[in-house]
Amino acid sequence: MRFGPSVIFSCLAGLSVAAQSYDEDACSQIHSRVANPGNDNPLVTFPGQLALRCLRSMPFESKLAVSFVKEYRKYLQFHSTLETLKNPPSGYQMPPTDLMGGLNAIQEKAAANHYKNQYEFDSDLQTLVTSAYDGHLSADFCSHSIFTFRNEPPLVSISTNGIDLPKIYTTEDARLLSSHPHKVSPVQSINGVDVVKHMKRISIYQKPQDLDALYNTLFHSNAMSIGSTGNSSMFAGYYSSTTRWPGGSQILRFANGSKTDSETIVHLREFPWQNTTALYENFCVANKDSSSSQSGSEAHPLPLPDGYPEPFVRDNFNRIMGFFPEHSGLKDIAVLSVPSFQVQGATSDGKLPDTEIVDFSNTARDFLANATDKGKKKMIVDLSGNPGGSVLAGDNLFRMFFPDKVPYSAGRFRAHDAVNLLGKVASPIVQRPDSILKGFPPFDWTSMVQPDQKKGFKSWKDLYSPRNISGVESSSLFATNFSRVSEHEVPINGYGNVMLNPSKAAFEPEDIIMITDGYCASTCTVFAELMKEQGVRTIAFGGRPQFAPMQGLGGTKGAQVLQFSQIASILPMAKSLAKQTLNKEEYKKWERVVPIPLKDFPLTLYSGGVNLLSAFSSKNDKVPRQFVYEAAECRRFFTAENIDKPVSIWSAAADSMFHGGPCVPFSTNGTGSLHPEEKSTNEKLISLFLEFLSGFKAHIV
Ligand SMILES: *[C@@H]1O[C@H](CO)[C@@H](O)[C@H](O)[C@H]1NC(C)=O
Ligand SMILES: *[C@@H]1O[C@H](CO)[C@@H](O)[C@H](O)[C@H]1NC(C)=O
Ligand SMILES: *[C@@H]1O[C@H](CO)[C@@H](O)[C@H](O)[C@H]1NC(C)=O
Ligand SMILES: *[C@@H]1O[C@H](CO)[C@@H](O)[C@H](O)[C@H]1NC(C)=O
Ligand SMILES: *[C@@H]1O[C@H](CO)[C@@H](O)[C@H](O)[C@H]1NC(C)=O
Ligand SMILES: *[C@@H]1O[C@H](CO)[C@@H](O)[C@H](O)[C@H]1NC(C)=O
Ligand SMILES: *[C@@H]1O[C@H](CO)[C@@H](O)[C@H](O)[C@H]1NC(C)=O
């Protein structure tokens with residue numbers, strides 16, 4: 001540590017604003033740097049520390065913050081697992097959390113004016129929301145929506161052969177591993193902490209509910225990039241790109257003794273605020289109509305992502321791609337890659353323009369028909385990086401594989417006064433043939449049926465119920481009426497007026513496998529669970545370096561997200577109806593418990609959502625799937641080749657799953673897999689010992 005003027009000098013030199021004083025408003029400095037990029041590149045880079053100072057210079061207004069928490073709470077009560085999270089069943093991987101209790105604590109701290117700035121307040125809220133490990137529970141708190149912190153270089157976790165324990169390399173080094181193995185060496189520590197320990201520690205700020213899936217999200221991944229953007233190479237991993245402050249620099253020490261020290265940086269194109277006050281007033285306090293900002297740009301067809309072989313069929317946005325690879329390990333095997341169930345141009349209520357969903361559906365249908373035609377014997381469904389999307393698209397894809405099976409779907413929402421009052425008020429509207437709330441979950445009870453699709457509900461009250469399910473006041477168990485939606489929204493093979501085609505399963509369940517990288521969320525899990533129920537096996541890639549099973553479905557297993565903007569969109573109409581139809585007592589309650597539109601929030605909340613529906617399996621209608629541990633049937637680690645060549649992942653999976661090749665030791669027959677086996681203590685000890693040995697080996701070579 002050095003003290004004195006030299007520190008200030010070097011700090012200023014680092015910022016290259018030598019003439020300015022240290023106390024200059026950091027936000028102003030960012031403004032002038034971004035306004036004067038210096039060269040032709042409009043993307044300005046500056047130290048993360050400067051961004052942090054800007055965030056910390058924001059004011060904190062206790063009154064606004066307290067009423068913000070009060071309004072946020074009204075939305076949060078729609079989250080289906082509030083009670084379950086407090087006391088989760090065994091098998092759930094993550095620690096318990098009390099979201100409402102946490103919110104109360106934040107409110108008290110805000111009321112006592114104990115926050116130094118808006119950023120500190122938002123950070124507490126963000127940490128609380130993250131503690132649910134549910135990708136459907138989200139909120140863009142204002143000061144957390146300004147900067148993304150970058151740590152170069154991006155990292156990957158690589159095994160020599162997919163079976164030995166992986167080590168962490170820079171992505172660039174990993175690409176050199178096969179040609180120049182002696183030129184590169186793995187990362188051993190970051191900022192003095194063992195690299196694996198460090199990565200495990202920072203992984204817990206991400207969304208998946210599984211520790212291996214969390215670990216994978218830190219690393220560069222083309223699959224995650226394609227899944228969320230349709231493009232490859234855009235996702236460097238959350239180690240490298242995070243909205244949570246990662247510290248001012250990262251010192252990487254390598255096994256060969258060398259080290260690098262890289263400063264946390266921020267890239268920005270625009271920063272219109274001249275100073276902290278302007279930023280705070282305009283970005284955090286001004287009322288924003290968030291619905292207007294959602295009118296996305298026109299969707300342009302995307303090129304085939306890098307590294308993929310020529311597909312046989314593909315939709316325009318890389319959500320679904322069919323391959324008949326030439327690779328020798330993939331003879332007789334067809335590969336359907338489904339990086340996403342999201343459709344470009346989807347409206348905020350999750351409904352999809354007809355053409356796109358039909359395109360998705362036809363691509364799957366054509367591919368399956370051609371696969372049979374070409375005499376393919378086996379099928380790989382690659383779900384790596386799939387963040388979900390349209391649930392009905394998932395149901396439909398399942399019906400392409402198994403046309404004679406009913407896609408079992410069963411959800412419950414959390415029962416509380418606000419949802420009940422909204423449902424009551426909406427009830428006369430949803431019964432009209434031209435209802436603008438058609439299919440709107442959970443209010444359109446006329447579109448809901450029992451999970452067997454045979455019986456509907458008589459009224460809102462019939463659907464709302466509520467009943468005590470494992471300590472959660474819950475609605476009845478229900479599904480969407482597939483015949484109805486198939487006619488009006490999304491075609492589902494053989495439902496409504498959609499002809500059953502294919503009408504016969506092209507592959508036996510044992511001849512189909514699914515690949516995931518743990519990051520399979522929402523609709524991806526809905527689809528995968530349906531496939532699993534037929535006996536389709538899963539192989540999971542990556543995760544923490546240990547000889548143990550890994551879950552394939554590590555993202556949220558909630559059945560339906562509810563965006564705050566969706567609730568907000570019906571509030572004006574609902575409120576005027578409430579005034580007319582509710583009695584005095586009820587209307588008073590309405591005013592107390594029903595959320596207000598986001599644009600009326602005391603502090604800006606750009607967007608947010610909750611998990612509206614917990615999903616249940618046909619065997620257990622009490623414990624939400626989100627909390628059930630399900631090991632994949634097999635696990636492999638990523639190799640260097642896997643980084644850029646998905647074909648190498650497919651052939652590794654085919655090797656393990658179809659050709660008797662190896663899985664990671666002790667990764668098969670795990671809890672919740674298709675053939676679970678009670679492990680003896682002996683085996684656990686051997687597994688620990690092997691792990692110890694390979695860790696030991698890593699240190700002596
Ligand atoms: C040590 O490993 C690092 C990381 O792979 C590499 O960049 C560096 O060139 C290596 N140094 C030597 C002397 O081999
Ligand atoms: C994908 O990449 C192309 C070209 O590299 C770019 O024009 C496009 O904006 C990217 N799409 C998305 C969704 O980021
Ligand atoms: C901050 O910037 C705004 C314009 O964006 C300006 O009106 C205001 O005077 C500035 N405040 C200070 C303290 O410089
Ligand atoms: C094969 O796919 C093409 C589209 O690529 C489609 O036109 C054709 O009908 C499919 N073949 C079969 C047998 O379905
Ligand atoms: C589902 O919807 C179809 C078409 O709208 C309707 O005919 C059928 O009765 C509904 N099913 C149930 C169980 O309500
Ligand atoms: C709900 O059921 C749980 C057991 O599943 C029980 O412990 C709890 O007391 C019940 N709550 C109410 C309000 O009945
Ligand atoms: C382990 O799982 C495989 C299938 O994945 C199954 O064939 C085998 O019987 C299982 N072993 C045990 C001991 O349960």
Side-chain angles (χ1 to χ4, degrees), residues 75-94 96-100 129 131-138 207-210 350 388 391-392 394-395 407-416 418-420 422-423 440-445 448-452 457 463-480 520-530 532-533 551 553-563 566-567 608-630 672:
Y75 279 98
L76 189 59
Q77 63 187 331
F78 286 81
H79 189 65
S80 69
T81 58
L82 290 179
E83 287 82 3
T84 324
L85 282 166
K86 279 205 279 192
N87 189 12
S90 69
Y92 180 60
Q93 298 275 285
M94 307 311 295
T97 187
D98 178 358
L99 294 177
M100 284 301 182
V129 165
S131 72
Y133 297 100
D134 187 327
H136 283 163
L137 183 66
S138 67
K207 295 277 184 175
Q209 35 72 20
D210 173 76
V391 180
L392 297 168
D395 291 321
Y408 183 85
S409 142
R412 297 181 196 275
F413 57 89
R414 184 172 176 271
H416 52 95
V419 76
N420 191 25
L422 280 163
F440 196 126
F443 306 119
D444 181 12
W445 55 267
M448 311 304 173
V449 293
Q450 311 278 345
D452 64 8
F457 292 90
L463 176 70
Y464 179 68
S465 185
R467 57 194 75 191
N468 179 355
I469 303 295
S470 313
V472 186
E473 284 293 297
S474 304
S475 73
S476 304
L477 200 62
F478 69 95
T480 302
C520 172
S522 188
T523 298
C524 179
T525 69
V526 170
F527 168 74
E529 296 279 18
L530 289 168
K532 284 178 61 173
E533 275 161 20
Q551 298 199 86
L553 315 180
T556 178
K557 293 187 191 168
Q560 178 79 54
V561 67
L562 181 68
Q563 302 294 353
Q566 288 174 265
I567 304 184
V610 293
N611 185 63
L612 177 70
L613 298 183
S614 288
F616 296 86
S617 79
S618 58
K619 292 181 198 75
N620 184 343
D621 66 357
K622 300 285 188 297
V623 179
R625 281 191 149 140
Q626 171 79 353
F627 299 92
V628 178
Y629 184 92
E630 297 171 273

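Here the structure is a predicted model, which means the values were calculated and not measured.
Atom CZ of residue F413 and atom OG of residue S476 lie 7.5 Å apart, to the nearest 0.5 angstrom. Between the NZ atom of K622 and the CD1 atom of I469 there is a distance of 5.0 Å, given to the nearest 0.5 Å. Within the model, atoms CZ of F443 and CD of Q566 stand 9.5 Å from one another, a figure rounded to the nearest 0.5 Å. Within the model, atoms OH of Y75 and CD1 of I567 stand 6.0 Å from one another, a figure rounded to the nearest 0.5 Å. Remark: S618 OG to D452 CG distance equals 12.0 Å, nearest 0.5 Å. The CG atom of L613 sits 8.5 Å away from atom CG of L562, with the distance rounded to the nearest 0.5 Å.
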- Message: Please evaluate residues D98 and L85 with respect to the criterion side chain to side chain contact (heavy atoms under 4.5 Å, CB included), reporting the C-alpha separation (whole Å), side-chain torsions for both, the decisive distance (0.1 Å), and the verdict.
- Response: CA-CA 7 Å; D98 178 358; L85 282 166; over 6 Å; no
- Task: Could you check T525 against R625 for side chain to side chain contact (heavy atoms under 4.5 Å, CB included), going step by step and ending with a plain yes or no?
- Result: CA-CA 9 Å; T525 69; R625 281 191 149 140; over 6 Å; no
- Message: Walk me through whether T84 and V472 qualify under side chain to side chain contact (heavy atoms under 4.5 Å, CB included).
- Response: CA-CA 7 Å; T84 324; V472 186; 3.5 Å; yes
- Item | K557 and F627: CA distance, side-chain angles, deciding distance, side chain to side chain contact (heavy atoms under 4.5 Å, CB included) verdict | CA-CA 8 Å; K557 293 187 191 168; F627 299 92; over 6 Å; no
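Taking the side chain as every heavy atom from C-beta outward, L530 and D395 approach each other to under 4.5 Å. Taking 4.5 Å as the limit, some side-chain heavy atom of V526 sits within range of a side-chain heavy atom of V391. You'll find the side chain of V628 stays beyond 4.5 Å of the side chain of F616, heavy atoms only. By the 4.5 Å heavy-atom criterion applied to side chains, K86 and P96 are not counted as neighbours.
Annotation for Q551 and D210: closest pair NE2-OD1, 2.9 Å, computed over non-hydrogen atoms. Residue L137 comes nearest to A132 through the heavy atom pair CD2-CB, 3.5 Å, listed as atom of the first residue, atom of the second, then distance. The two atoms that bring S80 and S614 nearest to each other are OG-OG, 2.8 Å, heavy atoms only. In plain terms, the two heavy atoms of A418 and Q77 that are nearest each other are CB-NE2, 3.6 Å. Here the shortest heavy-atom pairing between S131 and T97 reads OG-OG1, 2.7 Å. Across Q209 and M94, no two heavy atoms sit closer than the pair O-CG, 3.6 Å.
T81 and H79 are linked by a side-chain donor-acceptor pair at a separation below 3.5 angstrom, with hydrogens and angles left out of the test.
When atom types are taken as modelled, the side chain of E630 and the backbone of G672 share no donor-acceptor pair closer than 3.5 angstrom. Not a single donor-acceptor pair under 3.5 Å links the side chain of K207 to the backbone N or O of T556. Within the 3.5 Å criterion, the main-chain N or O of D621 finds a donor-acceptor partner in the side chain of R412. With Y464 contributing its side chain and H416 its backbone, the two residues share a donor-acceptor pair below 3.5 Å. For the pair S465 (side chain) and L463 (backbone), a donor-acceptor distance under 3.5 Å is absent. Of the possible donor and acceptor atoms, none in the side chain of E529 sits under 3.5 Å from a partner among the backbone N and O of L553.
Among R414, M100, E473, the one residue that satisfies the side chain to side chain contact (heavy atoms under 4.5 Å, CB included) test with E83 is R414.
Classification of the F457-F478 ring pair by plane angle, with boundaries at 30° and 60°, yields perpendicular.
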